[in-house]
Amino acid sequence: MKATAFILMILSVVSKVFGFVREIVLSYYYGTGMVADAFVIAITVPFVLFNFITIGVSTSYIPIYNEVYRESGEERANLFTSNLSNIVFFISILFTVVGIVIAEPLVKLFAMGFEGEKLKITVLFVQVLFLSLFAAGFAAVFRGYLQIKKNYIVPASVGLILNVVIIVSLVLSSFAGSSVLMAGTCLAMILQFLHFIPFIKKTGYRHKKIIDLSDPHIKQVLIASIPIVFGMAVNDINVIVDKTLASSVAVGGVSTMNYAARVNGFVSGIVIMSIGTVIFPLMSKFSAEDDMKGYKKTIVEAINLSSILIIPATIGFMLYAKPIISLLFERGQFNEQDVIAVSGGLFFYSLGLMGTSFIDILSKAFYSLKDMKTPVKVSAIIVLVNVSLSIIFSKFIGLNGLALGTAIAALTGGFLLLILLRNKVGSLGYMGIFKNIAKILLCSAIMGALSYTAFTLLLSRLGSDISLLIAIGVAVVVYLVLVLVMRVEGVMEFVGDVRKRIG
């Protein structure tokens, strides 16, 4: 698991770097202005709504495919895949037609502060992007299929393709107008999935023209998807609340919070998603085989591995939020006031990274046991906490309050899932997990103190950007030494694996 997760993290780093380049280009040409806000809302609306389908299908598809394969063989499992993908394709077409028709009220739902020209351009942008939903429907099934076939790399590479095409579109739009950005983003959404096709064919899969709604396995997907869909609906309320509050709390609020979330998402995208991608098929397999020892070991390894990377990143974001945002974005239309606004959001968003990690890992742990209801119930609590706190905090500390409410909600949900999973499957060795986390916290605190000392000593001589890069280098070296000296679990296992391979 560790080797595959590490490879996925490297690919995620490359993809995220291009994602940052995309945000830098967006900030350079459009800052936190009308087009930037419209772009953020437009790429949110269609896919948040269609997540009801894609997340529900992709999450339930893997364990049901494994069940069909075990009971009836590969040919029957592939026929089930064809049937499901055809059904999802036609659902995506229906969503596209309806979405185009009701685009304006949808935009107002996500951004109640938009009006006039900003509303007009956002509505048009959303209508164009609805045309790419069929590609997302295709990927909902075949991303899981490739992962089942142990091909994690191809599904993980979609972000790289997406970001490269959007970057080109952003540059061209600065000369040719926002219509080029609309068309280019739609094309990017489609192209990111097309390269699945040759790799799917290599597995021996042959697509069948079949739509059979009476297939009992389709009914299983539907039944399994319903609680996941409700869970996504609950989670998407978070997105809607954050976007619509941001649009009304401050001018440029949507793009401001988007930049902060994107930087914070660098860690969640690399670490959390990479680990989650690997562990879900493994946990589903162990659950199907009733191998609870392997199931629990996978969860503990995932928690330890994510903690090793997320905790120091959280400390880093808290200490260096302003210089990080300045280094990444302060140029062109993005000014000092924008840096202050975005760095505040990053500081508060980062507080919730550990909770986000627990939510992703432990939700998948429940899904692999075919318990879809528990994560939904927890998601409802997360939304309730987030909505309440975001509204309250935004009245006192503005946009930063939205990020703080989101962070507290994530921490609440993560630790609640820990408790509920223990009640369901018995002890996972939580004392050992928390002891390991305590070691990581100590290592991260020492790392933060030494690196920040280096940063402040260098700041007056070398400037913020160079001082930040050196401080990050110091942090990496210090942290690696400390986790090895303190024999942090996960690190020592990784070192042991490397020694075996070398030997």
Side-chain angles (χ1 to χ4, degrees), residues 15-51 53-54 89 91-111 114 116-140 157-197 239 243 247 252 254-255 258-259 262 332-334:
S15 178
K16 288 294 180 180
V17 166
F18 277 92
F20 273 133
V21 173
R22 181 184 100 183
E23 297 304 321
I24 289 168
V25 174
L26 178 66
S27 67
Y28 180 83
Y29 288 115
Y30 299 109
T32 56
M34 179 178 69
V35 173
D37 276 3
F39 176 81
V40 172
I41 292 297
I43 61 175
T44 302
V45 173
F47 300 98
V48 163
L49 295 175
F50 200 56
N51 273 346
I53 303 299
T54 58
F89 174 79
I91 292 173
S92 69
I93 298 300
L94 178 62
F95 261 77
T96 297
V97 173
V98 174
I100 290 173
V101 172
I102 63 170
E104 184 169 335
L106 287 176
V107 170
K108 289 180 178 178
L109 174 65
F110 279 75
F114 283 16
E117 185 64 21
K118 181 183 281 192
L119 176 61
K120 183 180 177 181
I121 192 174
T122 307
V123 168
L124 180 58
F125 209 155
V126 167
Q127 289 173 327
V128 171
L129 288 192
F130 263 112
L131 298 174
S132 66
L133 278 192
F134 74 92
F138 166 82
S157 65
V158 296
L160 179 60
I161 297 170
L162 173 75
N163 288 320
V164 168
V165 178
I166 291 180
I167 289 167
V168 173
S169 302
L170 278 164
V171 174
L172 293 176
S173 74
S174 68
F175 303 103
S178 59
S179 60
V180 173
L181 179 57
M182 295 179 193
T185 305
C186 181
L187 179 64
M189 294 293 183
I190 296 170
L191 289 179
Q192 66 177 329
F193 300 125
L194 288 185
H195 74 304
F196 282 19
I197 296 173
V239 177
K243 300 292 185 191
S247 73
V254 172
S255 50
N258 178 66
Y259 291 131
R262 290 284 296 178
Q333 297 298 310
F334 199 97

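These figures come from a predicted structure and were not determined experimentally. Start at 1 with the first residue, then count along the sequence.
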Using the test side-chain contact (heavy atoms from CB on, under 4.5 Å), find all partners of Y29 that sit at least two apart in sequence or belong to another chain.
V25, V171, S174

Could you tell me which residues satisfy side chain to side chain donor-acceptor pair (under 3.5 Å) with S173, sequence neighbours excluded, listed by chain and number?
Y30

Identify the heavy atoms of V126 and A103 that sit nearest to each other, and give their distance.
CG1-CB, 4.3 Å

Spacing of CG belonging to L26 relative to CG belonging to L181, to within rounding of 0.5 Å:
7.5 Å

Residues two or more places apart in sequence or in another chain: which of them pass side-chain contact (heavy atoms from CB on, under 4.5 Å) with F134?
F89, S92, I93, I190

Once side-chain contact (heavy atoms from CB on, under 4.5 Å) is applied, do any residues pair with L191, and if so which ones, sequence neighbours excluded?
I161, V165, L187, L194

d(T185 OG1, F39 CZ) to nearest 0.5 Å is 4.5 Å

Do you know the tightest heavy-atom contact between A42 and L129?
O-CD1, 3.3 Å

Atom CG in L119, atom NZ in K108: separation rounded to 0.5 Å?
6.0 Å

Would you check if the side chain of T96 reaches a backbone N or O of L131 as a donor-acceptor pair within less than 3.5 Å?
no

Kindly indicate, with the supporting measurements, whether the criterion side chain to side chain contact (heavy atoms under 4.5 Å, CB included) is fulfilled by L124 and Q127.
CA-CA 5 Å; L124 180 58; Q127 289 173 327; 4.0 Å; yes

Heavy atoms only: give me the nearest M182-I121 pair and the separation to one decimal.
CE-CG1, 3.6 Å

Mind jotting down which residue pairs meet the side-chain hydrogen bond (donor to acceptor under 3.5 Å, both in side chains) criterion with at least one end in residues 160-172? Sequence neighbours excluded, please.
R22-N163

For C186 and V128, the nearest pair of non-hydrogen atoms, with its separation, is SG-O, 3.5 Å

Could you tell me which residues satisfy side-chain contact (heavy atoms from CB on, under 4.5 Å) with V101, sequence neighbours excluded, listed by chain and number?
none

Quick one, F125 with I41, criterion side chain to side chain contact (heavy atoms under 4.5 Å, CB included). Give me CA distance, side-chain angles, the key distance, then yes/no.
CA-CA 9 Å; F125 209 155; I41 292 297; over 6 Å; no

